[in-house]
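What you see below is based on every heavy atom in this structure, not just the backbone, and it leaves out hydrogens, waters and symmetry mates. A note on names: the letters A, B, ... follow the listed sequences, proteins ahead of strands, and every chain is numbered from 1.
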Amino acid sequence: MSEPLLIIGNGMAAAKLCEELSQRALGRHAVAVIGAEPHLAYNRVLLSEVLAGHMTAADAQMKPASWWRDRGVTLQYGTPAAAIDRASRAVVLADGRRLPYARLVLATGSHPIRLPLKGMDLDGVHTFRDLKDVEALLAAAAVPGTRAVVIGGGLLGLEAAVGLAGAGVKTSLVHLMDRLMERQLDPAAAGFLRRAVEAKGVEVLLQAASDAIEGDEQGRVTGLRLKDGRVVEADLVVVACGVIPNADLARAAGLEVKRGIVVDDTLATSDPAICALGECAEHRGIAYGLVAPAYEQARVLARRLAGEEARYDGSVVATNLKVSGVPVFSAGDVTGGAGTEDIVLTDRGLGVYRRLIVKDGLLAGAVLFGDTADGLFYLDLITQRTPITAMRADLAFGRDAIAAAA
Amino acid sequence: MNAPLASPPSVKTTCPYCGVGCGVKATPDGRGGALVEGDAAHPANLGRLCSKGAALGETVGLDTRLLHPLVRGADGALARASWDTALDRIADGLKAVRNAHGPGGIAFYLSGQLLTEDYYAANKLAKGFLGTAHVDTNSRLCMSSSVAGHKRGFGSDTVPGSYEDLEAADLIVLVGSNTAWCHPVLFRRMEAARKARGTKFIVIDPRRTETAAEADLHLPLAQGTDALLFSGLLAHLAQSPAFDAAYVRDHTTGFDAALAHARAVAPDAEATARACGLDVEDVARFFALFADTARTVTCYSQGVNQSVAGTDKVNAILNCHFATGRMGREGMGPFSLTGQPNAMGGREVGGLANQLAAHMGFSPAEVDRVRRFWDAPHMATREGHKAVDLFAAIGRGEIKALWVMGTNPAVSLPEADGVRAALKGLDLFVLSENVAVNDTAQCHPHVMLPAAAWGEKDGTVTNSERRISRQRPFLAPPGAVKPNWWALAQVAARLGFGNAFAWRGPADIFREHAALSGFENARTRDFDISAFADLSDAAYQDFAPVQWPAPRGRPQGTQRLFAEGGYFTADRRARFVAPAEVQAAQANDAFPILLNTGRIRDQWHTMTRTGLSPRLGSHILAPFVAVHPDDAAPLDLVDGALARVSSAHGAALLEVRIDAGQRRGTLFAPIHWSGATSSHGRVGPLVHPVTDPLSGQPDSKATPATLAPHAAPFEGFVLSRRPLQMPQGLWWARAALEGGFGWRMAGSLGPDDWAQWVKAEGPADVAELVDGPSGLYRAAAFDGDGRLDFAVFVGTAGRRVAWDALKGLLGEDTVSAADRRSLLAGRRAGAAAACGPLVCACFGVPRDAITGAIRAGAHDAAMVGEKLKAGTNCGSCLPEIRRLLAETTVPA
């Protein structure tokens, strides 16, 4: 008799876990997935493409319904989980149903950060996190003459801004820092990125601290006031300042939670029957806000659930900005600093920039702009700790050049 | 734009490079260039051409030409002037010097590149009308020892044989001659003989040259011991069946003394081997082969001539041919391979300071004869200074006026730095040139005259086998360019000698020259071409190649001399000469290694012409010094590193080539690089001013020198569409490329310096790779049209990237995005890695293509030729192809 395995969350991490499980331990568990959103799991990374009109919501779907059905996975989406009853090993849904589990996996993802700004409740203020947000933004964008301001010059904000601009909205992007994606990019790459984003019709305002969202008597947004007094007029404000792990259920259930749900190297929470993965989890003090670590965790967890030995040692973070025509890749330690050496390839005419950070004869980080084809190659060199001294002269030109020189 | 002449589409002329004197057919392409092919009807080459000749069409452009007279003004700057102004300035300057210092204050320095007619005019003006015998030529550096040796042995400056003898010989002995590289077409003829009749080659050369690698026997003798080797051979021959007692008895004198001397210094093979630093078995084999092979031709070139004992070496060789009677008969004889296209012609008109004209000297009778013929008012009556002494006299201030024609002494003479300084002290320095800039032009000439270049010149030349051929124009002289004889005649007229120089054209000069050769000759002088003294203009135009002597009644010329004696000594006998004990310069503690200098395969002299050809520049990119591994090891010198080579006279920085074919304790460096093509690559300044006491020829092959590593932490290259000024303090060598230039460079300038240099060039659009910590910097700049403007590749020493893959971008009008992505990796998109240096210059085939063909199954040179054409034209790359065949591992 299969053990009931419950997965709370119907996002990319959950889908990946199911896929891995189906390949390793089909039939070992009776798997049920509980999703709050009324959709099949979709690729959240593609939301900006949907927003830009390059694809539909259906295109972003990760697996068709038949896929889930064929693998015997019970999908329970559209009804959020309300509580975990650890004592009786059951999950209580918002509609009151109780689903028992032998093993529970939390894949609850993250919440968008809401800024403590006056006017956040005005009509026309959105976050950019899920298909619902996208649908709202698309509806607003459909009104001719709409002006938007996006707060946040990180991955999410850039994708929202470029997506809106692509949908024909006059869009401004305001960012607190002096450059875009400052945590992933060095100033040079950020400069390339800014020019590329501007070329896509987005006005970029840096070192711009938001003061308040302004509205009219009807409660509708009219603009964003900055601390320097400037006002950016807008009918639409998108707050895209990042995410925080969604640990609400876990916290309520008494599991150990810091920034995210604390998991060990086996991805178990403080309750051995409950695991967590993806953006909601915090491993060795890090809550990753990216899909690649979630997938790595899904692979480890699937192996464990299949009865194998597997451990998760953390991920080397790589960022891929998914804005069409603006390839940006960043991996590893991009801050540089003492003991590190830089290899920099710059070609403004071609719009290509590559900075490789070397430490102790190993590749420690990579920032790529314009041509990211070798991103995963560099990521591999970083994670595999491959000595690069022999290939150093050709390193900036990527895998093919190194192969040709060998 | 060099305009083609309104003439038949194809013009028969001769190649302007070496002394082989190949016939070429030139067809102007209407765009200032010409298609050049070998003339199958010319007896020198029968249609063959070497890499240099085949690339002639690439060298006739006007980019580097001097097109108008330049005269130095009161402000000290050279400015464009009319011919009248320039000629007046020269005439006035010559008068002033003659009045103040006498005729001995005036000198001419001429060139084996000049046509006979130009040479004749210069010599006549100087020796007959200005009254100075200080007329010497760069042939002094090339073959004056052969001249002196021939005069001693034959009584005349005669090459007895013909090229056909090379094909009729069973043994060819090559002494001090890298024939495969320096006379490739003759080497092809020799190889044809080898194939047809099994001719054996013996190479006598301290270096294992490409020629030596092809030999049946290579004798890597110690520098300067050639005369000893041939003395040993004479001693051996005297007691062998090869000894021709009748010939010696009937046609020679001095045999006994020469033999006694030979027996004293080199009595047998063992003693000879010891004296020459050779294996006794090799020496014995050489002696036996020479003795046993009647049809033996002994060819000699600069390794014999450029020596403090050059004349004696020549005579030591001649002795062996006299002793065996192998003179002037089919397939046998001594054969001087001349370096320059018209060294022979220059000698015929008296281009050397110790000759008067038409192979006459300065005896009172000869001076009087020439005076009467020329009706000359101011005959020089004794020999003038030979080249090295001439420039020394200029340095001492004894000579105040110098007219240099068609040569680059600031590069090519020994102690060339001293030459530079000397030139700057002249009261009148006239330079007749066809290039606007060379090292000599940097030495403060007062007047520069634009001379006709190959393709425009009209006259005759004489090759190594005494064959006079026409050089015919196929391009109209551009700008204000004029032939040298015209400029000389104009100056003569301004000096009041107009009647004696009233030639209408080169045919007039040739007839006068021919008449002088026969004047009161009566078979007393070898050089007699009086058969042509009355040649019509039309016959001169159509003049077919002919070997002198061609006295009246024998216009068909003469193929061989001396088979039946008839030497030009007073008693008509040849002279055996016992070589003197010559104290050659020795390596010593301060300068422990001997520097040998010479040519490489694809360059000519100071590269003012071959340096314009991209093909010729890609065989060897930079000035180098070849070092034996045992000499390199203690200095930690590695292949490709820079070394400082110094002598007591000067220094150069050269790229090290580790070469096991180099004799231990000796170096070899090429003569070609000048200040225009390299920063520190001139070897002329190192060469000691030691000369052969008889010929005055510099001893350019054995200067005591020292070798030291030169630290250059960074090295790389620059490619550019346009000429760029390299940074100060950098070592560089420049090569012509299709569509631009390439500089190989090395020095202490690192990534930051080069980044600044690139920035200062102000490119519109630049791509850069910077890896400061590993010393790497690469940049590519693109112009407004998206073409590659220039590229810089710098890395740490020993990590130089080849430019082969990228140089083609200079000739292209766009750079694809894919190419742009891979460019700074040193690669073209989709192309394999570097294709290696050029091996076959005629067909532009690089090394990797050849090794690829070998791996794909081409197992001999003929198959490589079938697949790639490489080696099928001039064949000068065949030794390299054979080496690659031996070295390349073929997959099983």
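No more than 12 heavy atoms of other residues, nucleotides or ligands sit less than 6.0 Å from atom NZ of A:Lys170. Within a 6.0 Å radius of CD in B:Glu738, no more than 12 heavy atoms belonging to other residues, nucleotides or ligands are found. More than 12 heavy atoms of other shown residues, nucleotides or ligands fall within 6.0 angstrom of atom CZ in A:Arg195. The number of heavy atoms from other shown groups lying within 6.0 Å of CZ (A:Arg284) is above 12. The neighbour count for B:Glu887 CD, taken as heavy atoms of other residues, nucleotides or ligands under 6.0 Å away, is above 12.
Of the charged side-chain nitrogens involved, at least one lies within less than 4.0 Å of a carboxylate oxygen, so that B:Arg827 and A:Asp394 count as a salt-bridged pair.
Nearest heavy-atom pair across A:Phe397 and B:Arg778 is CE1-NH1, 3.9 Å.
Evaluation of the ring pair (Phe, Tyr, Trp, His ring centres under 6.0 Å) rule for B:His619 yields B:Trp181 as partners, not counting sequence neighbours.
Most heavy-atom pairs under 4.5 Å with chain A: of the set B:Leu769, B:Leu776, B:Val766, this distinction falls to B:Leu769.
For the atom pair CD1 (A:Ile343) and OG (B:Ser774), the distance works out to 6.0 Å, reported to the nearest 0.5 Å.
Contacts from residues 345-359 of chain A to chain B, taken as heavy-atom pairs separated by less than 4.5 Å, involve A:Leu345, A:Thr346, A:Asp347, A:Arg348, A:Gly349, A:Leu350, A:Val352 in sequence order.
At a 4.5 Å heavy-atom cutoff, the contact between B:Leu824 and chain A is made by backbone and side-chain atoms alike.
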